[in-house]
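Labels below follow one simple rule: chain letters A, B, ... track the order of the sequence lines, proteins then strands, and each chain is numbered from 1.
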There are 2 protein chains.
Amino acid sequence: MNNKEKLRNAGLRPTKQRMIVANILLDGFNRHFTAENLQDEIYTSGNSMSIATVYNCLKKFKNCGLIKQVETSKDTAIFDTNTDYHHHFLNEETGELIDIENEEISLHKLPEIPQGYLNNGIEVIIKLKRQN
Amino acid sequence: MNNKEKLRNAGLRPTKQRMIVANILLDGFNRHFTAENLQDEIYTSGNSMSIATVYNCLKKFKNCGLIKQVETSKDTAIFDTNTDYHHHFLNEETGELIDIENEEISLHKLPEIPQGYLNNGIEVIIKLKRQN
DNA sequence: CAAGTAGTTTAGAACGGTTTTAAAGTAAAA
DNA sequence: TTTTACTTTAAAACCGTTCTAAACTACTTG
């Protein structure tokens with residue numbers, strides 16, 4: 001399925017700007033990135049886009065599941081093209097994230113979900129500190 | 001141990017402002033709160049404090065382990081007076097956090113920590129969605 | 001206890017990431 | 001083709017947080 005179809009399937013109009021973003025993000029390689037990182041890549045690819053559009057686009061992509069946002073308390077939002085269920089190592093000094101595949105971790109016992117709610121995703125973050 | 005001693009033990013001068021904060025936060029009841037929440041409580045308690053001092057104080061308290069900061073991608077930093085090892089449910093709609101005690105969850109298999117790094121804490125977040 | 005000094009508080013300005021605004025532009029529907 | 005709904009944009013606004021620099025306070029030393 002090409003990127004235009006992916007956008008349409010997701011219910012998004014394949015505008016010029018969204019296609020530029022899709023061509024960068026949906027290239028089959030997973031990455032963690034900020035809005036600013038993406039805007040830089042857009043420039044590098046010979047295109048340009050206002051930061052408002054970058055944010056709009058990321059919000060839409062996220063809402064329809066084309067990308068994810070990682071739960072970290074960093075001051076900049078970090079997105080992830082890996083939408084499979086997985087977890088992260090977080091280097092707190094640098095902010096760098098490293099994927100932990102689902103098979104590498106297992107939650108043996110889970111708490112009871114509070115009344116009236118559903119489990120809407122579990123995220124495990126293992127914070128890393130440099131040795132010594 | 002009284003709050004003055006707690007501050008001294010933590011290596012912090014027990015200033016008037018830090019005592020006001022300690023008296024609110026270290027009352028034996030756990031809570032999740034933002035800087036603004038705390039400033040409101042300070043006013044409610046009949047005191048006042050500049051927002052810069054609230055932030056300075058939270059940073060110091062956090063660095064010496066009197067409180068923790070929760071890993072969430074919300075736009076406002078959320079702090080926790082529960083410094084025991086534990087996890088959280090996160091209601092993504094409201095931002096509300098609910099503690100998950102360590103005994104209620106068990107990580108059975110853990111990934112190998114990358115070369116040169118140490119495990120510096122694991123945080124599990126179970127995102128909640130309202131049923132229906 | 002007095003004087004010195006190192007650390008703390010403060011108001012207000014600055015900062016940085018993100019969202020809003022409102023007008024111009026574009027994709028899809030009729 | 002005209003209309004309609006959606007999208008993009010630059011610029012401003014926003015909002016949580018940090019910085020600045022001056023006033024203040026806790027502690028140390030004599």
Side-chain angles (χ1 to χ4, degrees), chain A residues 2-24 32-43 45 47-64 66-67 69-79 92 95 97, chain B residues 2-24 32-43 45 47-64 66-67 69-79 92 95 97:
Chain A
N2 65 34
N3 288 335
K4 199 167 209 164
E5 288 170 325
K6 282 185 196 164
L7 290 178
R8 283 203 200 284
N9 279 5
L12 298 180
R13 272 193 196 173
T15 63
K16 177 167 163 281
Q17 288 79 358
R18 287 179 188 156
M19 284 301 294
I20 292 168
V21 171
N23 290 336
I24 290 172
H32 301 115
F33 62 98
T34 64
E36 206 189 338
N37 293 157
L38 176 57
Q39 198 184 31
D40 289 348
E41 277 203 75
I42 290 166
Y43 278 107
S45 77
N47 295 287
S48 80
M49 202 173 297
S50 81
I51 194 65
T53 303
V54 173
Y55 278 105
N56 285 345
C57 198
L58 287 173
K59 186 175 282 181
K60 292 278 188 183
F61 276 40
K62 176 185 163 188
N63 287 344
C64 65
L66 289 171
I67 61 175
Q69 184 173 356
V70 184
E71 286 293 331
T72 82
S73 53
K74 301 207 56 24
D75 48 4
T76 310
I78 299 177
F79 298 89
E92 284 190 295
L97 289 166
Chain B
N2 65 34
N3 288 335
K4 199 167 210 167
E5 288 171 326
K6 281 184 196 164
L7 291 178
R8 284 204 199 283
N9 279 4
L12 298 179
R13 272 195 195 172
T15 63
K16 176 168 163 280
Q17 289 79 357
R18 287 179 187 154
M19 284 302 293
I20 291 169
V21 171
N23 290 336
I24 290 172
H32 302 114
F33 62 98
T34 65
E36 206 189 338
N37 293 157
L38 176 57
Q39 198 184 32
D40 289 347
E41 277 203 77
I42 290 166
Y43 278 107
S45 77
N47 295 287
S48 79
M49 201 172 298
S50 80
I51 193 66
T53 303
V54 173
Y55 278 106
N56 286 345
C57 197
L58 287 173
K59 187 175 281 181
K60 292 278 187 183
F61 276 41
K62 176 184 162 188
N63 287 344
C64 65
L66 290 172
I67 61 174
Q69 184 173 356
V70 184
E71 287 291 331
T72 80
S73 53
K74 301 208 59 348
D75 48 4
T76 309
I78 298 177
F79 298 89
E92 284 190 295
L97 289 166

Next item on the list: Answer yes or no: does atom NZ of B:K60 have more than 12 heavy-atom neighbours from other residues, nucleotides or ligands under 6.0 Å?
Entry: no

Item checked: Closest to the A:A77 side chain, choosing from C:dT18, C:dT10, D:dT9 -> C:dT18

Notebook entry, point to check: Can a side chain N or O of B:R13 be found less than 4.0 Å away from OP1 or OP2 on D:dC27?
Noted result: no

Checklist line | Candidates C:dG17, D:dG16, D:dT9 - which lies nearest the side chain of A:S50 | finding: D:dT9

Notebook entry, point to check: Starting at the 5' end of DNA chain C and moving along, which residue's nearest nucleotide shows up first, B:I51 or B:L12?
Noted result: B:L12

Check: Can B:E71 and A:T72 be counted as having a side-chain donor-acceptor contact under 3.5 angstrom?
Finding: no

Margin query: Measure CG/A:N63 against P/D:dC6 and give the value in whole Å, please.
Written below: 15 Å

Checklist line | More than 12 heavy atoms of other groups within 6.0 Å of B:E36 CD | finding: no

Next item on the list: Nearest-nucleotide wise, let me know which of B:P14 and B:I78 is further upstream toward the 5' end of DNA chain D.
Entry: B:I78

Check: Closer than 4.0 Å, any side-chain N/O of A:Q17 to the OP1 or OP2 of D:dT9?
Finding: yes

Next item on the list: Give A:K74 one of three labels, base, sugar-phosphate or nothing, depending on what nucleic acid heavy atoms sit under 4.0 Å from its own.
Entry: nothing

Item checked: Proximity to the side chain of A:A52 - top-ranked nucleotide from C:dT20, D:dG16, C:dT10 -> C:dT20

Notebook entry, point to check: Looking at side-chain heavy atoms only, is the closest gap between A:N56 and A:Q17 below 4.5 Å?
Noted result: no

Note to self: Expressed as a whole number of angstroms, how long is the span from B:L7:CG to D:dT25:P?
What the structure shows: 18 Å

Check: So, is B:T53 close to the C:dT9 phosphate, meaning a side-chain N or O under 4.0 Å from OP1 or OP2?
Finding: no

Checklist line | Distance in angstrom units between A:M49 CE and D:dT7 C1', rounded | finding: 12 Å

Notebook entry, point to check: Toward the 5' end of DNA chain D, which comes first, A:K16 or B:A35, by nearest nucleotide?
Noted result: A:K16

Notebook entry, point to check: Which of these nucleotides, D:dT7, C:dT8, C:dG17, is closest to any side-chain atom of A:R18?
Noted result: D:dT7

Checklist line | Nucleotide C:dT18, atom P - distance to NZ of A:K62 in whole Å | finding: 11 Å

Check: Whole Å only: how far is the CZ atom of A:F33 from the P atom of C:dT18?
Finding: 12 Å

Notebook entry, point to check: For A:T15 and D:dT8, is the shortest distance between a side-chain N/O and OP1 or OP2 below 4.0 Å?
Noted result: yes

Checklist line | Whole angstrom value for the distance that separates P of C:dG12 from CG of B:N56 | finding: 17 Å

Next item on the list: In whole angstrom, give the distance that lies between atom NZ of A:K4 and atom P of C:dT26.
Entry: 15 Å

Next item on the list: Rounded off to whole Å, could you give me the CE-to-C1' distance for the B:M19 and D:dT25 pair?
Entry: 16 Å

Margin query: Can you tell me which nucleotide in D:dG16, C:dT9, D:dC27 comes closest to the side chain of B:R8?
Written below: D:dC27

Item checked: Donor-acceptor contact below 3.5 Å, side chain A:D40 vs main chain A:N37 -> no

Checklist line | Donor-acceptor pair, side chain of A:R18 and main chain of A:C57, under 3.5 angstrom | finding: no

Notebook entry, point to check: So does B:K59 get a side-chain nitrogen or oxygen closer than 4.0 Å to the phosphate oxygens (OP1/OP2) of D:dT17?
Noted result: no

